[in-house]
Amino acid sequence: MSLLKCLEDFIPSESNVYSEAEMQRINIAVLKERGVSVDDIAYLAYNAQSKYLEDLTIEEMRDSVLEILRKREQFHAILLGVNIDILAEKGMLAEPIQSIIRDDLGLFGLDEAIAISIAGNYGTIGITNFGNMDVNKPGKISILQSKKEQCNCFLDDIVGAIAAVAAIRVAQKHALAKAMNTLEIEL
Ligand code: MG
């Protein structure tokens with residue numbers, strides 16, 4: 001039995017290793033089933049970065065989110081986090097962790113730890129960016145947190161971390177393009 005409808009007929013590979021395209025497809029399907037779209041994350045990332053980059057477009061951010069969703073770290077984090085959230089939602093964990101996760105206890109901290117492990121792959125700035133999302137809870141993150149019929153203890157942080165790293169990827173690309181331009185002019 002699968003906790004996720006979108007993975008009901010999924011047959012695992014013998015190696016447990018999946019291609020980037022397959023991980024991306026599963027990530028998008030799982031997020032969608034839990035009420036999060038690629039655009040939701042792209043808008044979080046766009047709003048975090050648009051004040052620094054004049055020529056930033058939402059399409060660019062969407063591409064960045066799609067790229068991040070191809071990676072194994074995100075694949076494992078999304079699957080693990082969402083599965084725990086659903087188990088808590090169904091009351092299938094043992095107490096006292098059942099209530100701690102179901103009620104999203106602020107002192108729990110392991111939801112943020114998983115998110116930080118994603119954000120940390122992109123350097124300290126990734127962790128700072130995620131911290132910002134965690135404190136300010138923009139847009140979709142506060143919507144996820146306030147959903148009472150669904151447990152999003154892990155999901156809200158994972159979504160914040162993906163948005164944070166998507167934003168950094170784009171910022172780094174822009175910085176590099178600018179540096180190359182300057183270099184060309186100097187040469
Ligand atoms: Mg949380």
Side-chain angles (χ1 to χ4, degrees), residues 1-49 56-90 92 101 110-123 126-127 129-130 133-134 138-145 147 149-173:
M1 183 205 77
S2 172
L3 295 171
L4 285 155
K5 268 202 180 69
C6 64
L7 294 176
E8 230 160 32
D9 302 317
F10 189 81
I11 299 162
S13 75
E14 231 163 81
S15 63
N16 291 313
V17 174
Y18 300 95
S19 70
E20 289 199 342
E22 191 159 23
M23 290 190 287
Q24 187 198 51
R25 183 186 66 77
I26 293 171
N27 281 337
I28 293 171
V30 170
L31 288 170
K32 188 178 171 210
E33 189 168 329
R34 300 299 285 170
V36 179
S37 67
V38 169
D39 272 10
D40 286 332
I41 307 178
Y43 275 105
L44 281 171
Y46 179 84
N47 290 333
Q49 212 57 50
L56 181 67
T57 63
I58 188 71
E59 287 73 26
E60 197 178 1
M61 224 26 129
R62 190 180 296 126
D63 288 346
S64 185
V65 172
L66 287 170
E67 191 54 39
I68 299 292
L69 290 175
R70 294 172 70 83
K71 303 295 173 223
R72 206 165 306 281
E73 295 82 8
Q74 279 67 259
F75 177 62
H76 292 156
I78 289 171
L79 284 175
L80 179 68
V82 164
N83 270 280
I84 300 173
D85 280 350
I86 299 173
L87 285 172
E89 203 169 286
K90 293 182 179 297
M92 289 169 77
I101 293 177
L110 292 178
D111 43 350
E112 285 90 357
I114 286 186
I116 286 170
S117 78
I118 294 176
N121 288 326
Y122 297 80
I127 297 175
N129 249 9
F130 164 69
M133 299 246 180
D134 191 36
K140 191 70 186 187
I141 296 179
S142 64
I143 294 171
L144 286 172
Q145 278 211 332
K147 261 193 183 174
E149 69 285 2
Q150 188 176 308
C151 175
N152 291 320
C153 177
F154 283 87
L155 184 63
D156 59 346
D157 299 290
I158 290 169
V159 164
I162 296 170
V165 296
I168 289 160
R169 252 190 97 251
V170 166
Q172 281 169 349
K173 256 187 164 174

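By convention here, the first residue in the shown sequence is residue 1.
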Please find the pair of heavy atoms, one from [X] and one from [Y], that lie closest to each other, and give the distance.
X      : Y      : result
Leu3   : Glu33  : O-OE2, 4.4 Å
Cys153 : Asp156 : O-OD1, 2.8 Å
Ala119 : Gly126 : CB-O, 3.4 Å
Ala77  : Ile118 : CB-CD1, 3.5 Å
Ala166 : Ser64  : O-OG, 2.9 Å
Ala48  : Met133 : CB-CE, 3.9 Å

Heavy-atom check, side chain of [X] versus side chain of [Y], under 4.5 Å:
X      : Y      : result
Ile101 : Phe154 : yes
Leu31  : Leu155 : yes
Glu149 : Lys147 : yes

Point-to-point distance, once rounded to the nearest 0.5 Å, from [atom1] of [X] to [atom2] of [Y]:
X      : Y      : atom1 : atom2 : answer
Leu44  : Asn47  : CG    : CG    : 7.0 Å
Arg169 : Tyr122 : CZ    : OH    : 7.0 Å
Glu60  : Lys173 : CD    : NZ    : 6.5 Å
Tyr46  : Leu56  : OH    : CG    : 5.5 Å
Ile78  : Ile26  : CD1   : CD1   : 10.5 Å
Ile162 : Asp40  : CD1   : CG    : 11.5 Å

Taking [Y]'s backbone N and O only, do any of them form a donor-acceptor pair with [X]'s side chain (distance below 3.5 Å, no angle check)?
X      : Y      : value
Glu73  : Asn121 : no
Gln150 : Arg34  : yes
Asp134 : Phe130 : no
Asn152 : Leu144 : yes
Glu89  : Cys151 : yes
Asp39  : Arg62  : no
Asp111 : Asp157 : no

Contacts of type ring-ring contact (aromatic ring centres under 6.0 Å, His included), residue Tyr18, not counting sequence neighbours:
Phe10, Phe75
Applying side-chain contact (heavy atoms from CB on, under 4.5 Å) between Asn27 and each of Leu69, Val38, Leu66, Ile68, report the one that passes.
Leu69
Using a strict threshold of under 4.0 Å (side-chain N to carboxylate O), is an ion pair present between Glu20 and Lys71?
yes
Hey, are Glu22 and Arg70 close enough for a salt bridge, meaning a charged N less than 4.0 Å from a carboxylate O?
no
